[in-house]
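The figures here come from the full heavy-atom set of this structure, side chains too, leaving out hydrogens, waters and symmetry mates. For clarity, every value in this text was computed on a predicted model and none was experimentally measured.
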Amino acid sequence: MTSVPPSALAAVLRADPAAGAVAVVAPYDGEGSYPRAFARYGWRTVAVLPEHRLRPPAYRNAPPPSGYGDTVVHRGLRQTVKALRALGVSAVVAGGAGGIELAERIAWQLGLPGADPASSALRYDRGAQAARLARVGIPALRGIRTARLADAVAWARSYPTAGYLLAPAAAGTPVDAVGCADERGIGAAWPALWHAAARHSGSPHLVLTEVPGRRRYTVDTVTRPGPDGRPEHVVTGLRVDAPVGARPPGGPQARALARYTARVLDALGVVCGPATTRLAYGDDGTAGDGTAGDGPRLVCALAAPVMTPADEAPRTAADRHRPDGVPVPRTTPGGPFFHGRS
């Protein structure tokens, strides 16, 4: 499962001398990890909990999270924003993938700088991410986002390959992706994964892609405004997910991973906070589909926003990432294909 730990979120705020109250949106873990992480830097936490009917089924009967100074039950955006203003909230973070969209909407209404909430799906949805990368000419895995098995099987028949990866559309969902050798494997894995995705994310949409390369990496980053006000993505960690026991890459390959990650985060409209990005290479250093010289491919990314007045510069940057204003590279999209179905 792709995730951003609470400690990474809290560390982004530690440099802000005006520590106050931070709203943690949809913290379903219930373990008090967010209050502990933020308390180390002097921040008081306010839990924003969607009312039961707005939660994914798996969390509708979850116990209240512990350790928060205050709790606001979210029934409507206007009421929630009013309550948070009264509590002196000056920063907003997502308590998990399920809280990203609401966190960005709340921050926008509070006047805090951050990404455009109209494009929130780009920060956590595998299907939206792959479609965006293909649209702007960044190499991406071919695949389909759909809630219907028939569509997935039809796509696999149209794009035969050595294998497929089936995963919930929402990255960060505590449901493991499943490798499938062929159409029969897709059909066998579909029912359980469909129900698990719907239960934990509230959406039954799955993403079927060509199998990523066997060499897989996770790149951790933190995004803050650079000297010119543009988002600056700083790599804070690089680790090998597969093969097990392999050493982290260095030299040209590490730089290639960092450059590709920065391009991806720019395309996904990431302007603040930590992100976890999973990438894949083929065994020979090519992309997962065997294309020589094209470098890594995105498997998925999860960008947890941390929105605070200290990051005033990204407000302008966020405007450049509205859905109709994504910067398009000089090269036009070529082979990558991604098809989404509702």
Quick one: do the Glu101 and Tyr124 side chains pair a donor with an acceptor below 3.5 Å? yes
Correct closest heavy-atom pair for Pro57 and Gly202 would be CD-CA, 4.4 Å
Spacing of Ser90 atom OG and Leu112 atom CG [to the nearest 0.5 Å]: 7.5 Å
So which heavy atom on Val48 is nearest to which on Pro27, and how close? O-CD, 3.7 Å
Trace of the side chain to side chain contact (heavy atoms under 4.5 Å, CB included) decision for His233 with Thr261: CA-CA 9 Å; His233 313 294; Thr261 300; over 6 Å; no
Identified side-chain contact (heavy atoms from CB on, under 4.5 Å) counterpart of Leu302 within the set Thr173, Ile100, Thr277: Ile100
Rounded to the nearest 0.5 Å, what's the gap from CG on Asp241 to CZ on Arg214? Could you check? 16.0 Å
Could you state whether Val22 and Leu49 fall into the same hydrophobic cluster, counting links through intermediate Ile, Leu, Val, Met, Phe, Trp or Tyr residues with side-chain heavy atoms under 4.5 angstrom apart? no
Minimum heavy-atom distance between Ala97 and Gly172, given as atom pair plus value: CB-CA, 4.1 Å
Can you list the steps and then say if Leu279 with Leu298 is a side chain to side chain contact (heavy atoms under 4.5 Å, CB included)? CA-CA 5 Å; Leu279 308 174; Leu298 176 69; 4.1 Å; yes
Is Val46 linked to Leu102 within one hydrophobic cluster, defined over Ile, Leu, Val, Met, Phe, Trp and Tyr using a side-chain heavy-atom separation of less than 4.5 Å? yes
Path from Val299 to Leu193 over hydrophobic side-chain contacts below 4.5 Å: no
Can Arg239 and Asp220 be said to form a salt bridge (Lys or Arg N to Asp or Glu O under 4.0 Å), step by step? CA-CA 9 Å; Arg239 57 187 181 275; Asp220 295 320; 2.5 Å; yes
Mind running side chain to side chain contact (heavy atoms under 4.5 Å, CB included) on Tyr28 and Arg55 for me, showing each step along the way? CA-CA 10 Å; Tyr28 296 132; Arg55 302 181 190 183; 3.5 Å; yes
Would you give the length of the straight line joining atom OG of Ser203 to atom CG of Asp125, rounded to the nearest 0.5 angstrom? 7.5 Å
Over all atoms of both residues, closest heavy-atom pair of Pro117 and Ser120: O-OG, 3.0 Å
May I ask you to decide whether Glu104 forms a salt bridge with Arg123, counting only side-chain N to carboxylate O separations under 4.0 Å? yes
Check for me, please, whether Val175 and Leu149 land in the same ILVMFWY cluster - side-chain distances under 4.5 Å, paths through other members count. yes
Quick check: do His200 and Pro174 have side-chain heavy atoms less than 4.5 Å from each other? yes
Tyr59 side chain reached by His52 side chain, heavy atoms, under 4.5 Å: no
Has Tyr260 got a side-chain atom pairing as donor or acceptor with Pro139's backbone, closer than 3.5 angstrom? yes
Arg44 meets the salt bridge (charged side-chain N to carboxylate O under 4.0 Å, His left out) criterion, sequence neighbours left out, with Asp70
What donor-acceptor contacts under 3.5 angstrom involve side-chain atoms of residues 178-192, with partners at least two apart or in another chain?
{"residue": "Asp182", "atom": "OD1", "partner": "Arg184", "partner atom": "N", "Å": "3.2"}
{"residue": "Asp182", "atom": "OD1", "partner": "Gly185", "partner atom": "N", "Å": "3.0"}
{"residue": "Glu183", "atom": "OE1", "partner": "Arg157", "partner atom": "NE", "Å": "2.8"}

Straight-line distance of Gln109 CD to Arg105 CZ, nearest 0.5 Å: 8.5 Å
All N/O donor-acceptor pairs, side-chain side in residues 72-84, below 3.5 Å, sequence neighbours left out:
{"residue": "His74", "atom": "ND1", "partner": "Thr80", "partner atom": "OG1", "Å": "2.7"}
{"residue": "Thr80", "atom": "OG1", "partner": "Gly76", "partner atom": "O", "Å": "3.0"}

Which heavy atom in Pro249 sits nearest to a heavy atom in Val240, and how many Å separate them? CD-CG2, 4.1 Å
Please say yes or no: joined through hydrophobic side-chain contacts below 4.5 Å, possibly via intermediate residues, are Leu165 and Tyr159 part of one cluster? no
Using the ring of Tyr281 (Phe, Tyr or Trp, six-membered ring only), decide whether Arg215 places NZ or CZ under 6.0 Å from its centre and within 45 degrees of its axis. yes
Any side-chain heavy atom of Phe38 within less than 4.5 Å of one from Tyr68? no
For Gly95, is there any backbone N or O sitting under 3.5 Å from a side-chain donor or acceptor partner on Tyr34? yes
I'd like to know if the side chain of Glu232 reaches the main chain of Arg224, judged simply by a donor and an acceptor atom lying under 3.5 Å from each other, with no hydrogens or angles considered. no
Member of Val207, Asp151, Leu206, Thr209 meeting the side-chain contact (heavy atoms from CB on, under 4.5 Å) criterion with Arg145: Val207
I would like to know whether Val234 and Thr221 meet side chain to side chain contact (heavy atoms under 4.5 Å, CB included); could you show each step before the answer? CA-CA 5 Å; Val234 179; Thr221 56; over 6 Å; no
Count the heavy atoms belonging to other residues, nucleotides or ligands that lie under 6.0 Å from CG of Asp228, then report whether that count exceeds 12. yes
Which atom pair, heavy atoms only, marks the closest approach of Cys272 to Gly114? SG-CA, 4.1 Å
Okay, side chain of Glu210, backbone of Leu141: is any donor-acceptor separation there less than 3.5 Å? no
Going by heavy atoms in the side chains, are Cys300 and Gln129 under 4.5 Å from each other? yes
